[in-house]
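Note that these values count all heavy atoms, side chains included, but never hydrogens, waters or copies made by symmetry. We count ligands from 1, going down the list as the structure has it; atoms in each ligand are counted the same way.
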Amino acid sequence: MTSPVTAPEQSRHIATQLPGPKSRELAARQAGAVPAGVATTMPVFASRAGGGIIEDVDGNRLIDLGSGIAVTSVGASHPKVVEAVQEQVADFTHTCFMITPYEGYVAVAEKLGEKAPISGETRTALFNSGSEAVENAVKVARAYTRKQAVVAFDHAYHGRTTLTMSLTAKSMPYKHNFGPFAPEVYRVAGSYPLRDGLDGAAAAKKAISAMEKQIGADNLAAVIMEPLQGEGGFIVPAEGFLQAIVEWCTANDVLFIADEVQSGFARTGAWFASELEGIEPDLMCTAKGIAGGMPLSAVTGRAEVMDAVHPGGLGGTYGGNPVATAASLAVFEAIEEDDLLQEAQMIERVIREHFEQNADERIAEVRGRGGMMAIEFVDPASGEPDAALTGKLAAAVRAAGVVLLTCGTYGNVVRFLPPLTIGEELLREGLAEVTTALQSV
Ligand SMILES: *Cc1c(COP(=O)(O)O)cnc(C)c1O
């Protein structure tokens, strides 16, 4: 097969004002055809992407510090992924695994079982999106425990379907006007060391007390948490918090679901953030980085738990699509061959070092793990979150040709999620733009 890869040159290049004329034309078409509810962070239309660069239709090359929200961890056109997809798509695009199965699905399930931080036998079911994985993890937990209630935490993000937006904490933009929400979803305070000032044991004690008094373990099927909270602000829980929660779950016949949709798949410098927290979930959800940009998600869990569902109870037309599973198998290889766990650790080192050398009193905290790092902005006088500064900063950085994402319940967090293949030089160049912009806003 001829080399299919068309990754752009790995350098930033600004050919026009951003967005350029072709992007502006496309944005006008978008406004007439796509609803306003589907908003874009940066209205430059992509033409090619790979490594640490996104090229747009006007010939601009942008440094990518977002990976399409932690999806293209191996880059947006990794040669292995491109080749695997091209080969598979020529063989067959779909049969439906529930009708006539194929090896790729089974192979991804085996791989996930090998890598998952779950001891003993596991089973894995495949779906299309992160939300769908979370929905199915809750279905499995309810079927296994024969209980209904589910606990999610403050600052949680679990998706946009009815059940998963009910689990998600933040109203605007995810839930506003979209009620009623799913029943039997409860929220308790988690651990946000910068803002709650509690150590892991104290924060866990508070959460456990709320679960015992307000719900009762006898009614509680599962506790779900992102081991490193993503949209909520890249919040690393205080040490010991998650261990205490998981211990309580185990002692009370409550399942613990790790939502590793954003934190999984080498992003944090480990295969899964659960490993870094020293916890073993009963069920784990993955998506985003799992298939190099192809839509794929998974629920992996203890065999006994996963097999509690009756035959035919789990599935979906496209779940574990053969093209997506081929891409995923290539991603597993790429992570290993390109040493992407090491690269994720390099990204953390470089980001921490950069903000130590370029400290600013408006940066309240530099936090995160591996290629999932963030800085939180406050008004230094009051300590209050500074969303206005964060917005202005992000706009200035984007205008300089760097794709930069924000997040956080209070809108005051800049997050760094570069492809793990970005390389140190482009990363440093992107960070330098953040510091330059910070001096001007
Ligand atoms: C993105 C995300 C989801 C939802 O995934 P989709 O593929 O957008 O449905 C769920 N959980 C977490 C932690 C996420 O970051």
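Once rounded to the nearest 0.5 Å, the distance linking CD1 of I245 with CD of E247 reads 10.0 Å. In this structure, S23 OG and D56 CG are separated by 4.5 Å, a value rounded to the nearest 0.5 Å.
Residue contacts with ligand 1 for E226 involve side-chain atoms from C-beta outward but no N, CA, C or O (heavy atoms, distance under 4.0 Å). Contacts with ligand 1 closer than 4.0 Å are made by no heavy atom of E132, backbone or side chain. Residue-level proximity to ligand 1 for S131 is carried by backbone and side chain together, each with a heavy atom below 4.0 angstrom.
In this structure, K139 does not pair ionically with E135, as no charged nitrogen and carboxylate oxygen lie closer than 4.0 Å.
At least one test fails for K170 against the ring of Y157: distance under 6.0 Å to the centre or angle within 45° of the axis.
Nearest protein neighbour of atom 11 (N) of ligand 1, counting heavy atoms only, is D259 OD2, 2.7 Å. The protein heavy-atom contact nearest to atom 5 (O) of ligand 1 is G130 CA, 3.2 Å. Shortest contact from atom 2 (C) of ligand 1 to any protein heavy atom: K288 NZ, 2.6 Å.
Atoms of ligand 1 found under 4.0 Å from any heavy atom of S129, numbered from 1 in the order shown, are 7 (O), 9 (O). Each of the atoms 15 (O) of ligand 1 lies under 4.0 Å from some heavy atom of Q262.
For residues 269-295, every residue pair satisfying the salt bridge (charged side-chain N to carboxylate O under 4.0 Å, His left out) rule, not counting sequence neighbours, is listed here: E277-R369, D282-R302.
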Name every donor-acceptor pair, under 3.5 Å, that has one atom in a side chain of residues 405-415 and the other anywhere in the protein, sequence neighbours excluded.
unit_1: T409; atom_1: OG1; unit_2: H155; atom_2: ND1; d: 2.6
unit_1: N412; atom_1: ND2; unit_2: E376; atom_2: OE2; d: 3.1
unit_1: N412; atom_1: ND2; unit_2: F377; atom_2: O; d: 2.9
unit_1: R415; atom_1: NE; unit_2: T406; atom_2: O; d: 3.1
unit_1: R415; atom_1: NH1; unit_2: E231; atom_2: OE2; d: 2.9
unit_1: R415; atom_1: NH1; unit_2: Q262; atom_2: OE1; d: 3.1
unit_1: R415; atom_1: NH2; unit_2: E231; atom_2: OE1; d: 3.0
unit_1: R415; atom_1: NH2; unit_2: E231; atom_2: OE2; d: 3.4
unit_1: R415; atom_1: NH2; unit_2: T406; atom_2: O; d: 3.4

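At a 3.5 angstrom cut-off on N or O pairs, E231 does not count as close to ligand 1.
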Would you check, one step at a time, whether the test side chain to side chain contact (heavy atoms under 4.5 Å, CB included) holds for Y102 with F92? CA-CA 10 Å; Y102 38 86; F92 64 100; 3.7 Å; yes
